[in-house]
Every structure is written in structure tokens, then in C-alpha cells.
2 protein chains.
Amino acid sequence: MSQLTESINQMVALTSEEREIIEKAYKTVHIPKGAFWVEQGKRCKEVGFVVSGKLRFYYHDEDGNEITCYFITEGQFMSSFTSFLTNAPARENVVTIEDTELRVINQEELEALSVLVPKMHVFRRINAENLFISMEKRVNMLQSQSAFERYEKMLHESPDIILSVPLQYTASFLGITPQHLSRIRKELTK
Amino acid sequence: MSQLTESINQMVALTSEEREIIEKAYKTVHIPKGAFWVEQGKRCKEVGFVVSGKLRFYYHDEDGNEITCYFITEGQFMSSFTSFLTNAPARENVVTIEDTELRVINQEELEALSVLVPKMHVFRRINAENLFISMEKRVNMLQSQSAFERYEKMLHESPDIILSVPLQYTASFLGITPQHLSRIRKELTK
DNA sequence: ATGAATTCTTAACAATTGTTCAGGTGACGA
DNA sequence: TCGTCACCTGAACAATTGTTAAGAATTCAT
């Protein structure tokens, strides 16, 4: 079976029947590098699982600056969750930074699947909890650490992202300007 | 019935039998002003619902500064979630800033209750999703707004908290020093 | 390979935020 | 009532971060 149910299975043990039902419910989608999966202002009606590839979430603030909210890589469940959960227009754009393969499911299908496989409620809960935990870490970082410390931490925790995306994306993810990140890098190479 | 099941009922419609079961599962606890509910370093094994009162979550960073993570008020579900969910020692202290009444339930009881009332899984999922959404807003704020803007926003969204807690708590919640918040306030009164 | 476009670096200067320290206010118990 | 303590304000100075502008390096399409 696929990575998708493998990942779900790690959170809630599945029977092989359940795995099959789930496999059938999620569709496979290929998105070429640079294409949008979600567009700012439109409703996001799907959640997805990244089989391979990499995506970036970003929005434009009042001054027109691009703010990167997330980088999403292989093995992660993702969506423009706030839009998906509240049915509000998405605040952010989601674009691929590499050719990407997803497994996706829409709202109605997910609800139907959760009826067929009630464990999906538990999975969805655990997933939401994990999202919360990672956001809490991020708030702690932004709230109490300097830009230098935040970059060092990211360098340690996700060097792959830093190496594979333009510096400006990393900078806005950390809440600083590209110029300042460039300065921090220079400082670090000493 | 109580505020507790009223709140749960708003997220997942409950039958009166379910409400009764839930009411019995949650214990009532009174905590006087200034007392700890969770202590940094200990495991948090309960989740709670605030019937009345107000709490503050905070931890000490490497330099010994108190960092306020959350203010929790009436009608909110709360826990030291990362500790509760991962069984790790709590990073933060939770203290009451007013005399507080809680409805609490521990891990085993919650799991047992979720078996008796499977809808609890759905409720817990929705609750986790809501926590995620509020954290996402907070990350956006910290990532892309100035201290001045963050304070203005908080003044608009939770004036009650600003009015009822010492300035230094609000300051660390916003990620700034008390002196700087004092400066911002002065600026605002012009 | 070449030029255009994007991205990155650098530096000077400006704005924001932190640090230190001093004083002032108000609450509260002896 | 008095002193103590916690909290808030203020100002001078320092550190961090943003802004602007220019040039260097890299990427990309042709």
C-alpha cells in the first residue's frame, strides 16, 4: 500500500479493509513546479498528502510583501486549513516549488469517508493536534528569540528547506527581510 | 445543564443522555487566585474548561525572563496541550489570575468517555482545529506586524485582558519588553 | 553562449526595539 | 502611618532590524 495509508496507520492502526477504503477515497494529483494548488481569495475545499515534492504557502500583506507561512515537504498532510475548516476564502496562495505528487480528498468525500471509517475522526484529531503543537513551537520562537537564533534553529531543524528555496522565502518565513538574513548568514560564516 | 456541555453541544449536537454522561465525567475544581494548576517540568494529565475566572500560561526563557504564552478566560477549553498530548513535562506554568472554577478530566477518563460517547472524538478534533486556527493567526501577527500594530490589534480583540492584567504580562505575550509597551501606550494616547 | 531577469550581497543610514537605571505611584501589611 | 514591594513611566544609550540603492552573482530562456 501507499505512503498515505502508511502515515495514517502510524497514528491510528488500520485494518487492511480500512486501508483499502481510504486508498480509494484519495485521488492522485500531479502538479508541475511553480503551479498553484490554492489561490488567495478562493475557497480551499481539499486536504492533501504530499507523496513527493515540495510546496510553499504565502500571502501578500498590506504593503504587498510576500509573506511565506509554511514550507511543506514529502510525507506531510496539508491544506489551507483555515479556509478548509471555516469555508472562508483562503488567505494564502499555495504553489509547488518542485514537481509534486499529492493524494487529495475534498470535504464531502472526507466526511463520507469518516462515516465509513470512524477512525478517521481520531486520525483527523491527532493530525490537528500535531499541527497545533508545531504552531506553538513557532509562536514560542517568534515571540522570544532573535532573528539570529531563529535562523540557527531553522538551519538545524530544516536545512533541506534552507538549501532548496530562495533566501527571500526563508527570510519572510522567519519574519525578517532578505537583506537582514543575508547579514545573519555572513555573521554565521565567521 | 452546564456551560461545559453547552459549549460542546455548540460544536457537536448532543443528546440529553450524552450530556449527562459528559457532565458526570468532568469534575469541578476551584482554584484560588494566584495558585498553580500546572507547574513547569511536571506532566499535565488533565484538560479543563473554564467556567469562571482567568488563567495565565508562562515559562522562563534561558535568561530567566517570564514569557507569557496564553491568557485563558471563561468559556475556553484549555490544557498544557503539548504536555498533555505528548506526555512530555510541561514547558509552562499555568496560574490563575483570578479565583477560578474549572471542569477537568484526566487522560484515561477522557479516553474512556470518548469510547462511551464517540462524538467526543469529533469534538476533540474540532477543538484542536480551532486551537490551530488561533495559533495560525498569532504566527501571522508575530511574523509580519510591528509591536505597535500587534498591541493595537490586541487592544481591539481582547481589551478585557489588557485591562485586567499587569502590563508586563501583556508585553511578553506580544513579544516585547514592558518598557517598550509603555512607550507604545504613550504613543497611542496622543 | 548571450543577454535578461531574478536573486543575492553590501553598505550607509533610519526606525524599531532592548537595556539600564532612576524615579514615581499605588497597594498592602506591620 | 510608614515602609516595603511590585509595578509603571521616563530618558539616554545600545543593539537589532528595516530601508534604500547599487552592484555582483546566479538562473533561465533563447
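Chain identifiers are assigned alphabetically (A, B, ...) following the order of the sequence lines, protein sequences preceding nucleic acid strands; residue numbering begins at 1 within each chain.
With the nearest nucleotide of DNA chain D identified for both B:Arg183 and B:Val165, B:Val165 has the one nearer the 5' end. Projected onto DNA chain D by closest heavy-atom contact, B:Arg185 and A:Thr177 fall at different nucleotides, the more 5' of which corresponds to B:Arg185.
A:Arg185 pairs by the side chain to side chain donor-acceptor pair (under 3.5 Å) definition with A:Tyr151, not counting sequence neighbours.
Rounded to whole Å, the distance from CG on A:Asp63 to C1' on D:dG18 is 12 Å. Rounded to whole Å, the distance from CD on B:Gln179 to P on D:dA12 is 15 Å. Between the NE2 atom of B:His180 and the P atom of D:dC8 there is a distance of 16 Å, rounded to whole Å.
When B:Arg103, B:Lys24, B:Lys27 are each tested for a salt bridge (Lys or Arg N to Asp or Glu O under 4.0 Å) with B:Glu109, only one passes: B:Lys27.
In the set D:dC7, D:dG18, D:dC8, D:dC8 carries the atom at the smallest distance from any side-chain atom of B:Leu167. Closest to the side chain of B:Lys186, out of D:dG18, D:dT9, D:dA11, is D:dA11. Of the candidates D:dT19, D:dC28, D:dC8, D:dC28 carries the atom nearest the A:Lys33 side chain, counting heavy atoms from C-beta on. Candidate nucleotides D:dC8, D:dG18, D:dG10 were compared by shortest atom distance to the side chain of B:Gln168, and D:dC8 ranks first. Comparing D:dC7, D:dT19, D:dG18 by their nearest atom to the side chain of B:Pro166 picks out D:dC7.
The aromatic rings of B:Phe132 and A:Phe81 sit perpendicular, their planes meeting at an angle over 60°, well past the 30° parallel limit.
Within a 6.0 Å sphere centred on NZ of B:Lys137, heavy atoms belonging to other residues, nucleotides or ligands number 12 at most.
Taking 4.0 angstrom as the limit, B:Ser182 places none of its side-chain polar atoms (N or O) nearer than this to OP1 or OP2 of D:dC8.
For residues 84-98 of chain B, the salt bridge (charged side-chain N to carboxylate O under 4.0 Å, His left out) pairs, not counting sequence neighbours, are B:Lys54-B:Glu98.
Ion pairing between A:Glu108 and A:Lys45 fails under the 4.0 Å rule for side-chain N and carboxylate O.
First and last contacting nucleotides of DNA chain C toward chain B (any atom under 4.0 angstrom from a heavy atom, 5' to 3' order): C:dT17 to C:dC21.
Judged by a 6.0 Å distance limit and a 45° cone about the ring axis, B:Arg56 is not positioned over the six-membered ring of B:Tyr70.
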